[in-house]
Amino acid sequence: MKRILSMLFLSAVLASQVFAQAPAPSPTAALEAGIKSAQSSADNAWMLVSCALVLMMTGPGLALFYGGLVRRKNVLGTMMHSFVLMVIGTVLWALVGYSLAFGEGSPFIGDLRYLFLNGVGGDPNATYAATIPQQTFMLFQMMFAIITPALISGAFAERMKFSAMILFTILWTLVVYYPMAHMVWGNGGLLNAFLGGKVPCLDFAGGTVVHITSGVSALVCAIVMGKRKGYPNEPIKPHSLVLSLIGACLLWVGWFGFNAGSALSSGSLASSAFVATHFAAATAAGGWMLAEWFQHGKPSMLGGISGAVAGLVVITPAAGFVAPMPALLMGFIGGIFCYFMVVKVKAMLGYDDSLDAFGVHGAGGTLGAILTGVFATKDVNAAFKDAAGNALPVGLLEGNGSQVVNQIIGVGLSWVIAGVATFILLKIVDAMVGLRVSPEEETAGLDLSQHGEEGYSLES
Amino acid sequence: MKRILSMLFLSAVLASQVFAQAPAPSPTAALEAGIKSAQSSADNAWMLVSCALVLMMTGPGLALFYGGLVRRKNVLGTMMHSFVLMVIGTVLWALVGYSLAFGEGSPFIGDLRYLFLNGVGGDPNATYAATIPQQTFMLFQMMFAIITPALISGAFAERMKFSAMILFTILWTLVVYYPMAHMVWGNGGLLNAFLGGKVPCLDFAGGTVVHITSGVSALVCAIVMGKRKGYPNEPIKPHSLVLSLIGACLLWVGWFGFNAGSALSSGSLASSAFVATHFAAATAAGGWMLAEWFQHGKPSMLGGISGAVAGLVVITPAAGFVAPMPALLMGFIGGIFCYFMVVKVKAMLGYDDSLDAFGVHGAGGTLGAILTGVFATKDVNAAFKDAAGNALPVGLLEGNGSQVVNQIIGVGLSWVIAGVATFILLKIVDAMVGLRVSPEEETAGLDLSQHGEEGYSLES
Amino acid sequence: MKRILSMLFLSAVLASQVFAQAPAPSPTAALEAGIKSAQSSADNAWMLVSCALVLMMTGPGLALFYGGLVRRKNVLGTMMHSFVLMVIGTVLWALVGYSLAFGEGSPFIGDLRYLFLNGVGGDPNATYAATIPQQTFMLFQMMFAIITPALISGAFAERMKFSAMILFTILWTLVVYYPMAHMVWGNGGLLNAFLGGKVPCLDFAGGTVVHITSGVSALVCAIVMGKRKGYPNEPIKPHSLVLSLIGACLLWVGWFGFNAGSALSSGSLASSAFVATHFAAATAAGGWMLAEWFQHGKPSMLGGISGAVAGLVVITPAAGFVAPMPALLMGFIGGIFCYFMVVKVKAMLGYDDSLDAFGVHGAGGTLGAILTGVFATKDVNAAFKDAAGNALPVGLLEGNGSQVVNQIIGVGLSWVIAGVATFILLKIVDAMVGLRVSPEEETAGLDLSQHGEEGYSLES
Amino acid sequence: MKKIEAVIQPFKLEEVKEALKAIGIDGMTVTEVRGHGRQKGHKEVYRGQEYQVDLLPKVKIEMVVPSARAEEVISALTAAAKTGKIGDGKIFVYDVVDAIRIRNDERGESAL
Amino acid sequence: MKKIEAVIQPFKLEEVKEALKAIGIDGMTVTEVRGHGRQKGHKEVYRGQEYQVDLLPKVKIEMVVPSARAEEVISALTAAAKTGKIGDGKIFVYDVVDAIRIRNDERGESAL
Amino acid sequence: MKKIEAVIQPFKLEEVKEALKAIGIDGMTVTEVRGHGRQKGHKEVYRGQEYQVDLLPKVKIEMVVPSARAEEVISALTAAAKTGKIGDGKIFVYDVVDAIRIRNDERGESAL
Ligand SMILES: Nc1ncnc2c1ncn2[C@@H]1O[C@H](COP(=O)(O)OP(=O)(O)O)[C@@H](O)[C@H]1O
Ligand SMILES: Nc1ncnc2c1ncn2[C@@H]1O[C@H](COP(=O)(O)OP(=O)(O)O)[C@@H](O)[C@H]1O
Ligand SMILES: Nc1ncnc2c1ncn2[C@@H]1O[C@H](COP(=O)(O)OP(=O)(O)O)[C@@H](O)[C@H]1O
């Protein structure tokens with residue numbers, strides 16, 4: 001690649017010499033090319049970093065967050081759920097996923113123009129991101145397709161057969177994720193607020209596509225699969241909150257790529273989304289800990305990290321649309337709301353969502369998607385314009401009440417699709433290979449029964 | 001945000017067409033706008049990454065480094081000190097901190113113009129960073145305000161009440177950090193070498209503001225709070241040097257954002273600061289291990305990571321002012337000096353600075369601030385210019401002895417402010433809620449007594 | 001640095017005013033300067049991040065990956081091998097390494113023009129990277145020089161004297177790494193495909209320089225040093241696959257800096273390399289796990305992460321030359337091939353390569369280097385051009401069979417140099433300080449015997 | 001006094017504890033142990049290397065009780081710990097010469 | 001010979017060790033155990049789910065000593081381990097039939 | 001019945017297990033312990049603070065066997081565990097009053 005660079009350099013030099021003599025228009029064109037290249041390199045630098053950050057969210061981030069919350073005997077089995085998705089999610093995406101999600105096509109699903117990434121190269125796809133190579137855009141979106149199904153695994157942790165998990169994940173990605181991604185972000189997608197969707201639903205980084213779909217599916221999984229042996233009578237404690245803290249912090253840091261990266265450029269919109277993301281994470285962590293403090297007299301580390309993740313979930317759809325102070329508020333509300341869902345509602349309804357994938361992602365995603373319709377403002381993101389190009393009000397507080405309605409429609413649709421599809425898919429997988437490990441295997445733990453290895457061998 | 005982008009793209013296209021016909025000056029302006037945008041995006045890309053890196057230093061970096069050094073029963077309580085600052089430090093900063101630190105105002109403290117981040121948006125604040133959104137600058141500085149008080153926690157680890165820690169931290173941030181940050185980096189700050197300070201003190205990334213303030217305050221905390229039960233008679237060993245190693249490495253990596261990010265742009269100054277930072281970390285780790293090798297016949301992992309952190313501390317104020325070879329030397333000196341402070345001096349004086357926050361940050365920060373006055377050079381950073389715009393000598397070795405004096409004044413001021421304020425604040429907090437947990441709680445550990453949870457549950 | 005920035009800003013402003021009046025050519029020059037600066041800042045942003053990512057691969061990445069695979073009593077000793085190289089590799093590089101590797105000079109080794117980084121500053125070195133400060137290029141290459149010898153440590157883990165390890169590492173870096181780096185990447189290097197090498201061997205990011213050299217040396221180390229006490233009769237299990245998973249994921253993420261960073265710019269070539277890297281890692285992890293599934297009925301976490309690393313190794317030399325689909329294929333082949341080498345061949349030959357540094361890096365690097373010659377394509381990287389500047393076929397599949405021959409020559413040379421030199425160096429070191437710890441020390445573990453500390457103290 | 005030493009399946013610990021509390025026995029000491037017996041272990045594979053693990057995680061419960069209550073404790077314990085499958089574990093009974101409560105130097109049965 | 005088995009508070013281990021060394025007893029084996037007795041445990045809460053932890057960390061010390069020295073050991077041990085608070089722990093005494101030093105097959109008291 | 005309790009060097013566990021299997025003893029319970037005796041410990045240094053570690057990792061093996069087989073077990077065990085160096089460990093023998101197999105309430109020697 002070094003030659004390439006030196007040549008690029010040479011040409012630059014030559015060019016500059018040319019300019020000296022050449023007539024007016026010519027240089028302008030050359031300069032514009034130079035500017036375009038610089039702008040593209042700048043945005044691409046940030047987007048490549050964002051891709052890396054979002055992958056880091058899944059591995060090791062989510063793997064650690066979830067892995068620390070289960071019992072020692074299931075740590076590898078649980079981390080494997082995240083890890084194997086870095087494999088499956090990637091291959092599916094490369095073969096068909098990108099095309100089904102971002103190919104033109106119906107309002108519900110993309111066509112096959114990008115099958116095997118055909119035609120996805122170094123040039124930008126101006127429809128989606130005009131200043132970065134389409135390959136970068138493809139990579140970034142792939143990282144989302146990897147982590148989303150991984151989030152579900154929190155619901156069936158400690159009891160699902162590995163083969164069943166793989167089968168379910170593949171089907172779910174095809175049937176739920178790709179269509180949802182297309183509807184919300186794909187060109188012509190039903191809910192796409194920017195590319196001609198009938199129901200313009202604002203979802204900056206995946207409140208509906210990522211969190212509601214995974215969270216609601218998690219709820220269905222928890223109900224269909226039933227409780228873990230001994231739950232809730234026997235104590236089932238996190239085996240290492242230290243691992244979970246590492247994971248949560250990496251999720252927090254990685255989320256900057258997730259949300260600020262969704263600006264698909266490194267301009268001021270990215271900075272704004274970065275601010276909103278961090279602020280919401282902080283106040284949500286605070287909110288959850290305060291709730292604990294009032295209820296049990298002690299704020300806990302588990303509460304703090306759970307709250308932080310909840311806040312990140314809540315702000316995800318809003319990150320690029322809301323100002324800093326509303327972000328602080330959204331996080332705080334979200335932290336307390338998810339605390340309530342996880343601690344009170346789950347206990348009431350009595351399902352066993354092992355790691356609270358629904359209580360955090362489903363509940364938080366729903367809340368966030370709706371609040372986005374409330375707090376979104378044209379000062380941050382002039383999402384809607386009139387013919388004359390003047391920015392129109394975006395959120396409820398700016399006087400655009402209809403947006404909340406659109407948000408609710410988007411939320412409802414996500415709930416239905418995720419819920420129904422997941423139920424059917426689980427039944428299919430159950431019929432094919434069976435969903436649950438045997439009681440003996442569950443007692444022995446997933447690490448030994450599914451993978452033939454142990455997480456720790458600390459005997460000296 | 002996608003629409004925004006495509007529109008940006010469109011306008012670009014249109015523009016270029018315009019140029020074709022338009023008269024000479026017009027295109028130039030348009031091109032300059034394009035260049036400005038590209039330059040800003042480029043610098044912003046690096047700065048957003050730096051923000052993420054510096055947050056990563058606190059969580060999980062510092063949380064792990066400190067968490068691994070305490071006993072198993074205090075691991076969560078210790079990590080919580082870092083984590084809760086990601087909450088408190090953020091909220092305070094958003095509400096008043098940024099304004100108090102970087103608003104215009106007296107030489108000692110900023111005014112309230114940026115209260116609630118009022119007016120802090122996508123446009124640059126040319127006074128501080130002309131090429132990046134002010135929101136990015138605000139974010140970057142916030143990450144410093146988060147980690148600084150977290151560093152102090154090393155001194156009172158394993159014995160401070162959580163409520164007292166929170167109260168103290170809030171007060172300390174308001175009374176010590178914001179004023180110091182304003183004095184050294186704020187417009188018109190007393191010690192600001194670039195924006196009209198009376199005493200031009202060079203501090204590239206926080207030798208005085210971050211490390212001396214936290215380190216000296218740590219010393220006062222250690223003395224005021226007294227020793228841990230059983231110290232130094234009973235063995236109090238790090239419960240997991242593995243965690244501490246992970247933390248130290250993440251601190252090392254994150255520090256590139258801390259120091260090279262302090263260039264507030266991604267030009268060659270950032271590269272130069274990056275080099276200095278890495279070189280000093282490496283030689284300091286080497287220096288500390290060699291000292292151990294001579295003294296105990298064995299270099300240790302704990303010694304290596306302690307040395308690396310010491311080197312990073314020492315180079316922090318100098319990173320953007322010194323050449324590579326001096327950086328190598330500063331690190332080496334710093335590693336050995338901090339080893340001496342931690343191993344010999346602490347033992348002599350007999351205070352219980354649990355995790356050596358003073359020995360590393362206080363001592364290292366002081367040494368680094370002074371050596372900055374010695375090794376700073378105009379070849380790396382033309383900090384001072386004469387009327388004609390010619391670079392003047394910067395450091396002692398270049399013949400500007402007065403700089404060392406200025407550095408010492410800055411150091412002295414930091415020591416006094418941090419020391420006195422911390423002492424008073426501790427007395428206030430003690431009177432309000434009491435500083436220390438009860439002996440029973442200390443025996444049981446902070447995890448159970450303060451948070452009602454355990455770090456590990458490894459029983460199968 | 002703030003003054004600098006504001007001045008930069010000022011001058012920019014002034015400039016723009018100047019343009020208004022000034023005659024035609026003048027502004028163009030000024031604009032070109034602005035473009036050059038923006039382009040450089042953009043590329044530098046990505047490259048600084050890449051430097052940080054590659055350092056993160058060694059610490060904590062490799063330290064954790066290897067540290068988790070050994071027994072508890074050797075965890076620190078093993079992590080120390082990676083950590084101490086962050087010290088040694090840095091100092092050597094700063095003093096002589098960069099010059100020996102990238103100075104002009106013979107086809108085999110560079111000259112001393114850059115001794116002590118003399119003349120390595122903020123200006124680009126156009127020969128290697130025309131758009132970034134030479135200091136950045138120097139940093140990036142240094143990170144490679146740090147991790148390469150660290151990879152070898154997997155072979156002699158759990159039994160080598162620390163002093164011997166340091167001595168060997170220093171000699172190996174001087175005698176093997178610097179010459180190899182110069183031959184493949186240095187100006188005029190024997191194998192340099194872009195800067196006048198006699199045998200144009202394609203190695204984008206270090207298949208030969210990094211992986212074959214370290215892997216083959218690892219094999220020699222394993223054979224010369226002999227087996228660990230009790231191997232293979234007594235069970236020697238990884239003490240924490242959780243640590244290894246964290247490490248493997250950080251290696252995966254860091255490798256984006258390693259490979260995509262090797263584009264030395266943040267243009268579309270970086271994106272392409274990023275895609276290839278991620279795809280190969282994913283399919284290799286899948287391939288290894290499938291192989292296990294067939295052979296033992298269970299895919300394992302250890303298998304998954306081993307496969308991922310194998311895939312990253314295989315794609316390293318090819319990352320900037322191959323299209324996405326071939327990358328998927330190369331990874332898959334690589335995963336299965338390395339599984340076969342580690343599980344079958346090692347058992348057959350019976351040497352004790354503790355952590356399979358050869359089976360993964362030696363074998364994978366060799367396979368990757370050869371496959372690069374097969375799948376490289378001008379559509380991704382127009383490596384070769386004819387006089388008229390038309391891109392010539394690059395890989396075998398494009399009809400350039402000779403490339404495979406060149407690749408094999410490069411591979412052969414690397415094998416010979418690494419193998420012979422390592423053998424001799426080991427003998428020298430053995431004569432000087434002895435290679436192995438005593439049986440008692442080996443039983444007690446490296447942590448206690450070499451460093452006088454323990455990895456964990458979990459007693460409550 | 002007798003010492004009742006039971007080696008049971010870890011997942012039975014809760015039940016056994018409850019059963020003992022039920023009959024008024026709440027002084028006990030629990031240890032994580034590994035056991036070997038009729039129950040065959042499992043296979044672990046690391047990079048192709050197979051390990052037959054024949055020491056399985058068990059929990060040991062020790063109670064010192066008045067000789068009179070020994071039988072009662074044994075049957076309660078057996079009932080609670082039984083699954084009927086190989087690996088349930090064993091109970092061993094030993095004589096105890098004396099017992100002392102450190103807190104107040106009480107001795108003999110009153111110290112239990 | 002007698003076996004003295006003491007279950008004590010973990011934070012008392014150092015003191016007890018010193019006390020025993022003081023009277024010339026330096027052969028001992030220490031085990032991390034969890035104990036249940038009069039001392040009430042603590043509550044842990046994870047995401048709202050409360051767990052009453054009633055097995056508390058204790059340390060078990062075993063020493064086999066000549067019967068003649070038993071009482072002396074017991075009192076030294078009791079003195080050092082006592083805090084006077086519930087949870088101090090217990091000492092149990094057992095008869096030992098024989099002792100063997102593996103290193104040199106010595107038997108009986110001389111093996112201790 | 002007798003209980004054979006052996007404290008050995010951790011790295012000898014495999015050999016000892018094999019030796020016992022060889023003579024048909026496969027019921028045993030193993031515990032990770034720390035021991036103190038003639039064998040001097042090691043020094044650890046953390047940031048200049050030195051700790052003399054005098055509790056060293058050992059492994060405790062407990063077997064309850066028919067009295068008749070005690071000697072045979074002891075000699076097999078001693079042979080396998082011996083290195084001749086200080087720290088090899090000890091074997092203690094105790095009387096066992098009774099044994100119960102939880103699975104089927106078998107009692108006495110047949111329960112072993
Ligand atoms: N003779 C023995 N001495 C000491 N412990 C034993 C003995 N026999 C069995 N055990 C313990 O009891 C556990 C269960 O014994 P095992 O034979 O596997 O099942 P079961 O008791 O149902 O026959 C073993 O793992 C071991 O810990
Ligand atoms: N009957 C018993 N058998 C075995 N261990 C016991 C018995 N009673 C108490 N212990 C051990 O002694 C510890 C302390 O006993 P506890 O009743 O809590 O306090 P105290 O001894 O001061 O009354 C318990 O945690 C348990 O480990
Ligand atoms: N009197 C004793 N009571 C209980 N355990 C003992 C006794 N003496 C030794 N041990 C155990 O045996 C181990 C080895 O004893 P030590 O004196 O170090 O070596 P040796 O047995 O070769 O003399 C000790 O670490 C300790 O665990």
Side-chain angles (χ1 to χ4, degrees), chain A residues 65 68-71 154 227-228 230-241 244 288-289 291-307 309-310 335-336 338-350 352-360 363 458-460, chain E residues 3 5-18 20-21 25-64 83 85-87 89 99-104 111-112:
Chain A
F65 184 62
L69 293 177
V70 298
R71 285 163 294 179
K227 303 180 168 139
R228 284 164 294 176
Y231 178 89
N233 310 328
E234 285 165 33
I236 301 185
K237 290 164 55 176
H239 89 284
S240 172
L241 287 178
S244 296
W288 190 302
M289 285 193 281
E292 290 182 312
W293 214 328
F294 285 124
Q295 283 228 318
H296 301 288
K298 286 173 182 169
S300 74
M301 173 62 82
L302 177 55
I305 59 180
S306 305
V309 174
I336 291 175
C338 289
Y339 170 82
F340 180 77
M341 292 298 293
V342 166
V343 171
K344 301 264 156 260
V345 177
K346 186 176 77 167
M348 266 165 43
L349 304 183
D352 179 14
D353 178 1
S354 313
L355 312 181
D356 298 303
F358 171 73
V360 172
L458 298 178
E459 300 77 28
S460 38
Chain E
K3 174 203 223 179
E5 175 179 80
V7 181
I8 65 169
Q9 293 282 26
F11 61 88
K12 278 292 193 179
L13 178 57
E14 282 299 308
E15 276 175 70
V16 169
K17 243 169 50 197
E18 293 316 313
L20 291 167
K21 283 207 196 115
I25 298 290
D26 54 14
M28 67 184 73
T29 300
V30 176
T31 315
E32 306 275 324
V33 298
R34 289 177 296 156
H36 182 273
R38 278 202 183 65
Q39 182 187 15
K40 54 179 292 307
H42 57 263
K43 204 184 65 183
E44 295 181 18
V45 186
Y46 298 95
R47 286 185 173 168
Q49 192 133 22
E50 301 199 357
Y51 298 123
Q52 185 57 37
V53 177
D54 52 10
L55 283 175
L56 306 173
K58 300 280 171 184
V59 162
K60 184 207 276 185
I61 307 179
E62 291 165 289
M63 296 142 290
V64 175
T83 70
K85 298 212 193 63
I86 282 187
I100 299 96
R101 166 174 282 120
I102 292 172
R103 171 158 49 92
N104 56 14
L112 303 182

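Numbers restart at 1 for each chain; the letters A, B, ... are given by sequence-line order, proteins then strands.
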For this session: Check the pair Arg47(E) / Asp356(A) against side chain to side chain contact (heavy atoms under 4.5 Å, CB included), numbers first and verdict last.
Result: CA-CA 9 Å; Arg47(E) 286 185 173 168; Asp356(A) 298 303; 2.9 Å; yes
Exercise. Distance-only, no hydrogens or angles: does the Tyr51(E) side chain make a donor-acceptor pair with backbone N or O of Glu234(A) under 3.5 Å?
Worked result: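 No, Tyr51(E) side chain to Glu234(A) backbone: no donor-acceptor pair under 3.5 Å.
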Exercise. Given a strict heavy-atom distance threshold of 4.5 Å, which part of Pro232(A) is in contact with chain E: side chain, backbone, both, or neither?
Worked result: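 Its backbone and side chain both get close to chain E.
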For this session: Side chain from CB out, backbone as N, CA, C, O: work out which of these in Gln52(E) comes under 4.5 Å of a heavy atom of chain A, or both, or neither.
Result: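 Gln52(E) has no heavy atom closer than 4.5 Å to chain A.
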Exercise. What are the two closest non-hydrogen atoms of Gly48(E) and His296(A), and how far apart are they?
Worked result: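 For Gly48(E) and His296(A), the tightest heavy-atom pair comes out as CA-NE2, 4.2 Å.
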Exercise. About how many Å separate OH of Tyr46(E) and CG of Leu69(A), when rounded to the nearest 0.5 Å?
Worked result: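 That separation rounds to 11.0 Å.
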For this session: Check the surroundings of atom NZ in Lys40(E): do more than 12 heavy atoms from other residues, nucleotides or ligands lie under 6.0 Å from it?
Result: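 For Lys40(E), atom NZ is not crowded (no more than 12 foreign heavy atoms under 6.0 Å).
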